[in-house]
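The structure presented is a predicted model; accordingly, all values stated were derived computationally and were not measured. First the proteins, then the strands, lettered A, B, ... as listed; each starts at 1.
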Amino acid sequence: MEKLQSVYYFLDLAGTFAFAISGATAARKRNLDLFGICAIAFIVACGGGIIRDLCIGAIPPAGLTNWPYLVVAIIATLLTVGLFSMVERLNRPVLFFDSVGLALFAVTGAQKALLFGHNGEVAVLLGITTAVGGGVIRDVLLNRVPVILEKEIYASAALMGALLVVLGNYLKWISGDWVAIIALTVSFTLRILALRYHWNLPVPSNNKLPLDE
Amino acid sequence: MEKLQSVYYFLDLAGTFAFAISGATAARKRNLDLFGICAIAFIVACGGGIIRDLCIGAIPPAGLTNWPYLVVAIIATLLTVGLFSMVERLNRPVLFFDSVGLALFAVTGAQKALLFGHNGEVAVLLGITTAVGGGVIRDVLLNRVPVILEKEIYASAALMGALLVVLGNYLKWISGDWVAIIALTVSFTLRILALRYHWNLPVPSNNKLPLDE
Amino acid sequence: MEKLQSVYYFLDLAGTFAFAISGATAARKRNLDLFGICAIAFIVACGGGIIRDLCIGAIPPAGLTNWPYLVVAIIATLLTVGLFSMVERLNRPVLFFDSVGLALFAVTGAQKALLFGHNGEVAVLLGITTAVGGGVIRDVLLNRVPVILEKEIYASAALMGALLVVLGNYLKWISGDWVAIIALTVSFTLRILALRYHWNLPVPSNNKLPLDE
């Protein structure tokens with residue numbers, strides 16, 4: 001249990017870092033000022049988790065009360081701002097870091113909801129929320145239709161991760177650590193494959209309009 | 001009391017269904033993918049209620065913990081996607097379903113706030129929030145100024161419904177069931193008449209700019 | 001303590017009034033109808049505080065349960081609508097009222113978080129949230145990138161105010177009343193000077209794109 005706690009804590013910080021990088025990169029591209037970049041980085045990193053904590057009654061939300069999250073978000077911001085010319089040249093770095101955070105947050109989000117004694121549906125929905133909430137807030141603040149609603153298997157990967165956590169928790173075939181590792185791997189792999197091979201969910205309509213400038 | 005509970009439960013599901021249809025239709029028109037449509041449908045249906053539950057301390061929010069809401073939202077999504085060519089040909093179906101959900105949610109939202117022991121102001125404000133919250137989130141996610149802030153008597157109809165519930169609760173002239181039925185009828189009728197006769201609240205400014213593409 | 005409570009209450013109402021004016025002015029310029037203007041005014045005035053109250057567990061949020069806030073917001077709306085031709089001619093009235101509310105809300109927001117027994121980080125983050133939350137929601141609803149993320153020292157002034165409250169609370173060199181007065185003055189002055197002399201935080205990128213139409 002203690003081991004799971006450490007893993008859980010490490011995963012949470014790693015996810016925070018990945019999402020903060022993703023947020024800072026997107027904010028930087030929109031020419032926000034230093035505070036704006038830092039704020040978007042923090043919100044992307046902690047926004048989903050804060051919504052989750054409000055919904056499960058974990059008051060005050062972990063993202064607000066534990067300084068490591070804030071420090072990790074600030075470090076990620078400084079790295080992104082300092083090394084932007086390098087980061088920019090990397091192939092779709094935003095999408096890569098987003099995928100890491102996505103899988104990590106879906107799994108830890110679902111775990112925390114279960115830890116607080118809520119049912120499987122709450123765990124799945126809040127696992128997805130933890131994973132995609134920050135990104136959705138980022139896109140809303142940057143004034144565009146959230147990327148995850150339009151293209152590529154994204155939230156579906158988070159859904160898979162959260163679902164595996166809940167399934168593993170009910171079936172209890174293997175230890176919670178292994179459930180987390182498997183859920184993480186499946187979710188991350190699904191997302192990366194979707195990116196690599198341009199897997200998309202069906203779009204019911206045909207005439208695709210340009211929604212993003 | 002038990003009867004009120006059943007009515008309350010039925011109204012809640014019916015409102016969920018109506019809003020999910022409205023959300024799925026709007027999302028479909030913006031060419032979102034299947035997950036995006038489903039997410040918008042669910043958020044429109046349950047978003048207002050989730051905000052209400054967070055504000056009255058009903059943790060976890062009913063929209064997240066009761067599977068019928070999720071199932072109803074998914075069914076509404078599938079119907080809208082499957083029968084879109086038919087739905088599209090209907091005259092302003094989005095607005096119609098929106099009106100149904102609007103009245104239903106304003107009344108049940110105000111009722112739930114009172115049930116949790118909060119005062120009349122909280123009940124009225126959260127009745128409106130339950131009714132229009134989902135639609136506002138939908139418009140924010142679809143990247144447009146919320147329809148309800150610009151035109152036609154919409155939130156005012158919700159205000160009327162919630163206000164009648166609170167008044168009925170304080171005066172106690174008639175049973176809660178009748179209060180709910182009257183509040184529902186007045187609110188829905190007001191909204192439908194506003195749509196039919198293009199009733200608008202005054203817009204203080206004259207030169208109306210095109211805000212929606 | 002009682003004196004602090006009265007000051008706290010007065011500041012809260014004054015901040016509500018200032019923010020409501022700012023919200024109503026922005027909404028009016030976008031040609032929203034009377035309800036839309038009133039809603040934006042109320043949300044700008046109480047939105048940040050409601051998020052703060054949800055995060056510190058103050059259920060129901062003060063903005064929803066105390067009628068003076070709602071009345072103050074309505075009065076501010078009516079004043080703005082009634083005297084718009086005058087208000088419009090004033091030089092940047094929105095920005096001025098925004099600055100007043102900014103300093104007031106940062107300080108009272110941080111104070112309330114401390115009052116509820118949360119740590120310094122929560123108080124600083126929620127002080128900023130109280131101050132800028134309403135404005136961010138306003139810009140999101142009016143479909144533009146939040147002003148505070150792009151230009152001028154704004155949230156930084158709120159950060160300074162909240163930080164001084166937390167510092168004063170830990171050091172206890174002077175009474176809470178004086179801490180509040182100093183924090184308010186510093187925060188408001190910093191914001192006004194930034195407006196006057198166009199102080200900006202560095203924008204890491206050079207080619208500034210037009211984001212607002």
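For the atom pair OG (Ser156(B)) and CG (Leu34(C)), the distance works out to 9.0 Å, reported to the nearest 0.5 Å. To the nearest 0.5 Å, the span separating CG on Leu54(B) from CD1 on Ile50(C) amounts to 12.0 Å.
Proximity of a side-chain donor or acceptor of Asn143(C) to a complementary backbone N or O of Val140(B) within less than 3.5 Å is not detected.
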Should Glu121(B) and Leu70(C) be marked as a side-chain contact (heavy atoms from CB on, under 4.5 Å) after you check the CA-CA gap, both sets of side-chain angles, and the distance that decides it?
-> CA-CA 9 Å; Glu121(B) 187 193 343; Leu70(C) 185 57; 3.5 Å; yes

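Heavy atoms closer than 4.5 Å to chain C are found nowhere in Leu159(B), neither backbone nor side chain. Neither the backbone nor the side chain of Asp53(C) comes within contact range of chain B; no heavy atom of the residue lies under 4.5 Å from a heavy atom of that chain.
Contact record, Gly63(C) with Leu125(B): O-CD1, 4.4 Å, taken as the closest heavy-atom pair. In plain terms, the two heavy atoms of Leu64(C) and Val122(B) that are nearest each other are O-CG2, 3.5 Å.
Using a 4.5 Å heavy-atom cutoff, the side chains of Ile59(C) and Cys55(B) are not in contact.
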